[in-house]
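Here is the structure we will look at.
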Amino acid sequence: MINKFDSVLLAQKKFIYHYKNMRWAKGRHETYLCFVVKRRVGPNSLSFDFGHLRNRSGCHVELLFLRYLEAGALCPGLWGYGTPDSVGLCYSVTWFCSWSPCSDCSYRLAQFLSQTPNLRLRIYVSRLYFCDLEDSSAREGLRMLQRAGVQITVMNYEDYFYCWQTFVACRQRVFKAWDGLHQNSVQLARKLKDILQPGEAEDWRDAFELLGL
DNA sequence: ATTTTCAAT
């Protein structure tokens, strides 16, 4: 279960470098995905697996995660075949990604999830990937994911703190926020809200138009 | 004001 990942825990410097939520995140030509898998059988919900992944050789990290799922590695019995025990088996996956998914990954994730109603996915993101233009396909992809039942959230201080405790070789060192963490998170959360509630933004545009602004 | 982005050299 462990060998397929780089290592179980992420180095402190790596975590900070890749998850820093500054607006100009120069040179981050890698994306990290920290995940927790929980498994529910009947009334019992238990943490089942956790770890982190990094994109590899032209494959976005989300698709790598999907590959593991399809291989039955992370959520065994997800499709109900296999043992009789797997009937009524539910998984919930929470992941924390340094970038939000691109449009293609969003599309493929949504497609995958439509075939696995017993899998719940929650996505936390540190930065928004190619979401500056209002009509960007990445934005549309995020809305598609939302329609597919995925909860998408911008990471805040508590989320970074949790990740530090859970996925990083922190050696009991307490997570120390970088400059602007909170401010950037608030700003990105506002932006994501605009992306996921396009109706409201349009209403504003209409209002401005009516006022001749 | 402008800067970047799951690289490509």
Under 4.0 Å between any heavy atoms, over every strand shown, what does Ser100(A) touch: base, sugar-phosphate, or nothing? Just pick one.
base
Once you round it to whole Å, what is the distance between P of dT4(B) and CG of Asp132(A)?
12 Å
Using atom P in both nucleotides, what's the gap between dC6(B) and dT2(B) to the nearest angstrom?
22 Å
For Arg28(A), report the nucleic acid contact type (base, sugar-phosphate, nothing); a contact means any heavy atom under 4.0 Å.
sugar-phosphate
With centres under 5.5 Å and planes under 30°, do Tyr129(A) and dC6(B) count as stacked?
no
Protein-nucleotides 7-9 of chain B N/O pairs under 3.5 Å:
from   : atom 1 : to       : atom 2 : distance (Å)
dA7(B) : N7     : His29(A) : NE2    : 3.4

CD of Gln183(A) to CZ of Arg23(A): how many Å apart, nearest 0.5 Å?
12.5 Å
Throw together a table of side-chain donor-acceptor distances under 3.5 angstrom for residues 160-172 of chain A, partners on residues two or more places apart or in other chains.
from      : atom 1 : to        : atom 2 : distance (Å)
Tyr160(A) : OH     : Ser126(A) : OG     : 2.7
Trp164(A) : NE1    : Arg173(A) : O      : 2.7
Thr166(A) : OG1    : Tyr162(A) : O      : 2.6

Please tabulate, one pair per line, all N/O donor-acceptor pairs under 3.5 Å involving side-chain atoms of residues 57-67 of chain A, not counting sequence neighbours.
none

Is there a donor-acceptor contact under 3.5 Å from the side chain of Ser185(A) to the main chain of Met155(A)?
yes
Hey, does Asn156(A) have a side-chain heavy atom less than 4.5 Å from the side chain of His182(A)?
no
Using the C1' atom as the point on both nucleotides, what is the distance between dA8(B) and dT4(B), in whole Å?
16 Å
Could you give the OH-to-P distance, from Tyr32(A) to dT5(B), as a whole number of Å?
16 Å
Look at the side chain of Trp24(A) against the base of dT3(B) and say whether a donor-acceptor pair falls under 3.5 Å; ignore hydrogens and angles.
yes
To the closest 0.5 Å, what do you measure between CZ (Arg139(A)) and CG (Leu196(A))?
9.5 Å
